[in-house]
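Shown next, in structure tokens, is the structure this report addresses.
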Number of protein chains: 2
Amino acid sequence: MAETRTRGRRERLRAETAAEIKDVALRLMASGGPDAITLRAIAREMGMTANAIYGYFATRDDLVTALIDDVYTGLADAVDAAWAATAADDPAGRIRAWAHAFRNWALANPAGFRLIYGDPVPGYQAPEGGAAPDAAQRVCTGLTALAAAAWPRASEASEASEDFQWSDFDAGLLSKIRPAFPDLPPAAVALALRIWGHLHGLLCLEIYGHLRTQMLNPDKLFREELAQLVRSLGLTA
Amino acid sequence: MAETRTRGRRERLRAETAAEIKDVALRLMASGGPDAITLRAIAREMGMTANAIYGYFATRDDLVTALIDDVYTGLADAVDAAWAATAADDPAGRIRAWAHAFRNWALANPAGFRLIYGDPVPGYQAPEGGAAPDAAQRVCTGLTALAAAAWPRASEASEASEDFQWSDFDAGLLSKIRPAFPDLPPAAVALALRIWGHLHGLLCLEIYGHLRTQMLNPDKLFREELAQLVRSLGLTA
DNA sequence: ATCGAAACTTCACGCCGTATAGTTTCCGCA
DNA sequence: TGCGGAAACTATACGGCGTGAAGTTTCGAT
């Protein structure tokens, strides 16, 4: 049992160091943008050599991947929590809560938002698997839940002009979504993606500073967007 | 007059070299993304030393600024042309044409889109003036023209829930817009920005690869978005 | 022919990521 | 208790990056 204790100790130390590396990286990113994530700066901050980090992350891209995983998971947690904290019989309220949670998270973590949705860092190429795609699908699933709850009335309010089929969508996405929402038509998934686009667009413009050169308080625009959204979904009380 | 001839010659050579630098930079960007814009790579391509470029652009950021100016102007030209090529009495057609021109330009110049709307390049900070803000306002003005044409019917179709005032918007924007559209209420400008957000969001998701992991043909989603947009504006024939 | 400005090169510095090899630390077992 | 060896970390090096200072070439104006 001494063995397990010490092995546990080693692993714990290792995990703590890895966590500290990511922590410092996140702090650097928050203060200087995604480009400030340099192995040397992190090491400097931790009183180490840059190469020591290679014991924890094989490459800088691996570190960035880990950060993206963490950050994206944080976002997914935030929006899921907002979803769970609202009443199931109030689809409009859920949409509003979800959207505001998304925006608040983005405004609180602008560098994280850029890391996830923008060019993360020079020459970075996202790997195949990992937590980030999972988180992305959680976000997408949350969105689909919103669209699913709104669908009955939304489909009456305005029928789609394109006819969507299941073959229009990615199989991986569907494998997670269709079991959860058996009665959902393909057009509702398209609606979910469109809603995502609406929110993402305003947020991108705001985070990257394109909105503030035109409009003084993006808050108001965002609220108006949500109001029109729930209206167009036929959810106005 | 020999003086003017030779001075002209010098200046022409100088302008040609500057143009070639930007040209090479754009080519590098197109093939390797915005990060591929390095002074050394450009110089290598041109058979020069990296420092020779400093004779034309004081710093790398200045070069990037010039590129952004050019690229943004190109985008503004593209959407303006699409606007001008459609009938004034067909607001829905103009919206569709404008939006498709925007998307086609973005898909044809993904690196340019990132350069304008994303993190252009590590640590780049946009300067105060220049052609880029002008182009941005041209795009915004075009958008406002679309919203203005749609406004009469759009305002009936769904009244805004937020009450927008002129003080909500940037003075520089208004100084260009209000003279051109005297009868426009503030809410219509907000509508223009919201439309921008809708298109920008889908485009961002597509360009940065977040849509293709969910949906196989973003075309269809974009067309549906436009169809719902003109519908929500009360422009369906 | 010559002066001088403009164009360009060379060299240097400090950053960066990363590979290789060497050094220290310290756990697990005999 | 002492030792073998793995794990953590450092030292050194390479090439690429932006950029500054100084030197060199080119070439039009006088």
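All chains are named by letter (A, B, ...) in the order of the sequence lines, taking the proteins before the strands, and each is independently numbered beginning at 1.
Distances shown here put a side-chain N or O of A:Arg44 below 4.0 Å from the OP1 or OP2 atom of C:dC16. Look at B:Thr59 and you won't find any side-chain N or O under 4.0 angstrom from OP1 or OP2 of D:dG18. Look at B:Thr17 and you won't find any side-chain N or O under 4.0 angstrom from OP1 or OP2 of C:dA7. Under 4.0 angstrom from either OP1 or OP2 of D:dC9 there lies at least one side-chain N or O belonging to A:Tyr56. Residue B:Tyr54 places at least one side-chain N or O under 4.0 Å from the OP1 or OP2 atom of D:dT19. Neither OP1 nor OP2 of D:dC9 sits under 4.0 Å from any side-chain N or O of A:Thr49.
Residue A:Leu39 has its side chain nearest to C:dG17 when only D:dT10, D:dG18, C:dG17 are considered. Nearest to the side-chain atoms of A:Asn51 among the listed nucleotides C:dT18, C:dC8, D:dA8 stands C:dT18. If you check D:dT19, C:dT20, C:dC16 against the side chain of A:Arg40, the one that comes closest is C:dC16. Among the nucleotides D:dT10, D:dG16, C:dC16, the one closest to any side-chain atom of A:Met48 is D:dT10. With C:dG17, C:dT20, C:dC8 as the choices, the nucleotide that has an atom nearest any side-chain atom of A:Arg60 turns out to be C:dG17.
Separation of atoms OG1 (A:Thr73) and CG (A:Asp134) is listed at 8.0 Å; rounding is to 0.5 Å. Once rounded to the nearest 0.5 Å, the distance linking SG of A:Cys204 with CG of A:Leu199 reads 11.0 Å.
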Would you check, one step at a time, whether the test side chain to side chain contact (heavy atoms under 4.5 Å, CB included) holds for B:Met215 with A:Leu173? CA-CA 9 Å; B:Met215 174 139 206; A:Leu173 174 68; over 6 Å; no
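The CE-P distance, from B:Met46 to C:dA7, rounds to 13 Å in whole Å. Whole-Å rounding puts the A:Ile42 CD1 to C:dT18 C1' distance at 14 Å. Protein atom CG of B:Leu13 is 12 Å distant from nucleotide atom C1' of C:dA6, rounded to whole Å. Taking atom CG on B:Asp35 and atom P on C:dG17, their separation rounds to 14 Å, with Å as the unit. Distance A:Ile53 CD1 to C:dC16 C1': 13 Å, rounded to the nearest Å. Between B:Glu45 atom CD and D:dC17 atom P the separation is 12 Å, expressed in whole Å. Between the P atom of D:dG18 and the CZ atom of B:Phe57 lies a distance of 14 Å, rounded to the nearest Å. C:dA19 atom P lies 11 Å from atom CG of A:Asp62, rounded to whole Å.
Between A:Trp105 and A:Phe113, the ring planes lie tilted relative to each other; the angle falls in the 30° to 60° range. In this pair, A:Phe169 and A:Phe164 present their aromatic rings tilted. The plane angle is within the 30 to 60° band.
Remark: the backbone N or O of A:Ala101 is not paired with any side-chain donor or acceptor of A:Asn104 at under 3.5 angstrom. Without hydrogens or angle criteria, B:Asp170 side chain to B:Gly172 main chain gives a donor-acceptor distance under 3.5 Å.
Against DNA chain D, the stretch residues 18-26 of chain A makes no heavy-atom approach under 4.0 Å.
Ion pairing of B:Arg12 with B:Glu16 is present here, as a side-chain N (NZ or NE/NH1/NH2) and a carboxylate O approach within less than 4.0 Å.
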